[in-house]
Number of protein chains: 2
Amino acid sequence: MKNGARKGKSLAQLCVEKGMTLTKKRKVIINVIEKDPGHLNTEDVYNRAKMEDSSISIATVYRSLKLMRDYNVIDHHSFGQEHQHFESPMKSHHDHFVCNECGKITEFTDNSLEKLKINVARSHDFEMHSHRLEIYGLCSDCSKTSQ
Amino acid sequence: MKNGARKGKSLAQLCVEKGMTLTKKRKVIINVIEKDPGHLNTEDVYNRAKMEDSSISIATVYRSLKLMRDYNVIDHHSFGQEHQHFESPMKSHHDHFVCNECGKITEFTDNSLEKLKINVARSHDFEMHSHRLEIYGLCSDCSKTSQ
DNA sequence: TTGTTAATTGGGAATGAATATCATTTTTAC
DNA sequence: GTAAAAATGATATTCATTCCCAATTAACAA
Ligand SMILES: [Mn+2]
Ligand SMILES: [Mn+2]
Ligand SMILES: [Zn+2]
Ligand SMILES: [Zn+2]
């Protein structure tokens, strides 16, 4: 789920623009998210944040992630699982392959797919703000192995 | 999330094929899901099942839905919300518009989009089993109103 | 700076959805 | 029919998330 056109701005900047105050704790949390190239769940964020600031509380992590989610400044996915995974909005828009065998998540982008999504939404008179496409199946590794 | 090619078979049949025994309670639950054209959460299923069989337990509803989910005979979505929503697999494959304003969920199908998904997966050497596309934004009603 | 107010936070309690347990009931296989 | 296996209801338990509130920190005018 991406709003696009956010490249160039840091997550911190986006938060400020939305009116969030950038406290020390929030800076730590933002730093954790921006540093990671993948998809972190709440526990992941908490564990990494504690390494930078051992006094940080799990409640603050939950509160901050919820806040950023509500303000639409971080992306989140559930990937068919129970818990949410968060990722930096600095990455340009992409979709995900989810391997049902090994759980690996791979990111991909396809321009014609993006264009088609826009057209489909328009033709159904739906004002698209964001979208999420997840493709489930077997990654190339698991596909070979299972033969 | 659809496996396609399941049209014609009832949910009950699919369950039997997977090796599930069709108990009285499960028949009630299956009936609830097949009867509804939309997307039910666990509580919804429980409430409706109780109307057909007041002795049914919420534990059984959880167990049965989990089982059918694990056996891939019912479709489930989270729509960016907390709880999962289930729907009958009898409906042919479709994607969803989710209105951020009124919460309304609309189903749609687009053949060229489906073809493109297949091509994209193939070109990334990913063996697609199912996929899920959710488009978030404003439905036509809310789009008009918010002007 | 300093003081005043509002916002944020840590820690622990509360909540609640989902699962586990276990005695009882139902289904299956013979 | 009987015996073994599976499913169920009621309830206890788990555990991720939220709530609560006193203490801390941030914002900002003087
Ligand atoms: Mn991603
Ligand atoms: Mn649907
Ligand atoms: Zn894999
Ligand atoms: Zn709407």
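Letters A, B, ... are given to chains in the order of the sequence lines, protein chains preceding strands, and every chain is numbered from 1.
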- Residue whose nearest DNA chain D nucleotide is more 5′ - A/R69 or B/A59: B/A59
- Rounded to whole angstrom units, what separation is found between the OH atom of A/Y46 and the C1' atom of C/dG11? 10 Å
- Query: For the residue pair B/H77 and B/F79, does the interplanar ring angle fall in the parallel (under 30°), tilted (30 to 60°) or perpendicular (over 60°) class?
  - Reply: parallel
- Figure out the CD1/C1' separation between B/I29 and D/dG9, and round it to whole Å. 13 Å
- Message: One pair to check against side chain to side chain donor-acceptor pair (under 3.5 Å): A/E134 and A/H96. What are the steps and the verdict?
- Response: CA-CA 5 Å; A/E134 292 156 8; A/H96 298 94; 5.7 Å; no
- Message: Heavy atoms from C-beta onward define the side chain here; which of C/dT21, C/dA17, C/dT9 lies closest to that of B/H83?
- Response: C/dA17
- Task: Considering just the side-chain nitrogens and oxygens of B/Y62, establish if one lies under 4.0 Å of OP1 or OP2 belonging to C/dA18.
- Result: yes
- Message: Does the plane of the ring in B/F97 sit parallel, tilted or perpendicular to the ring in B/F108? Use 30° and 60° as the thresholds.
- Response: parallel
- Nucleotide nearest B/T42 (side chain, heavy atoms from C-beta), chosen from D/dG9, C/dT9, C/dA18: C/dA18
- Query: Roughly how many Å is it from NZ in B/K66 to P in D/dA7, rounded to a whole number?
  - Reply: 14 Å
- Query: Between CG of B/N31 and OG of B/S88, what distance do you get to the nearest 0.5 Å?
  - Reply: 11.0 Å
- Message: Please report the distance, rounded to the nearest Å, between CG in B/L67 and C1' in D/dT8.
- Response: 13 Å
- Please test B/H83 against B/H85 for ring-ring contact (aromatic ring centres under 6.0 Å, His included), starting from the C-alpha separation and ending with a verdict. CA-CA 7 Å; B/H83 302 303; B/H85 294 246; 8.1 Å; no
- Note on the structure: So CD1 of B/I29 and CG of B/L11: to nearest 0.5 Å the spacing works out to 10.5 Å
- Task: State the CZ-CG distance between A/F86 and A/D44, to the nearest 0.5 angstrom.
- Result: 10.5 Å
- For the helix from C/dT1-D/dA30 to C/dC30-D/dG1, how many degrees between its two end axes (five pairs per end), to the nearest 10°? 50°
- Message: Can you measure B/N41 atom CG to C/dA17 atom C1' for me and round it to whole angstrom units?
- Response: 11 Å
- Item | d(CG, A/L40; C1', D/dA16) in whole Å | 17 Å
- Query: In whole Å, what is the span from the CZ atom of A/R63 to the P atom of D/dC21?
  - Reply: 14 Å
- Message: For B/K117, is there an ion pair with A/D95 - N to carboxylate O distance below 4.0 angstrom?
- Response: no
- Item | Strand contacts (DNA chain D) in residues 19-28 of chain B, 4.0 angstrom heavy-atom criterion | B/T21, B/T23, B/K25, B/R26
- Any chance you could measure B/K24, atom NZ, to B/E52, atom CD, to the nearest 0.5 Å? 14.0 Å
- Can you check the B/I58 CD1 to C/dA17 C1' distance for me, whole Å? 9 Å
- Of the listed D/dT8, C/dG10, D/dT17, the closest approach to the B/T60 side chain comes from D/dT8
- For A/I56, answer base if it contacts any base atom (sugar-phosphate contacts may also be present), sugar-phosphate if it contacts only those atoms, and nothing otherwise; contact means non-hydrogen atoms under 4.0 Å. sugar-phosphate
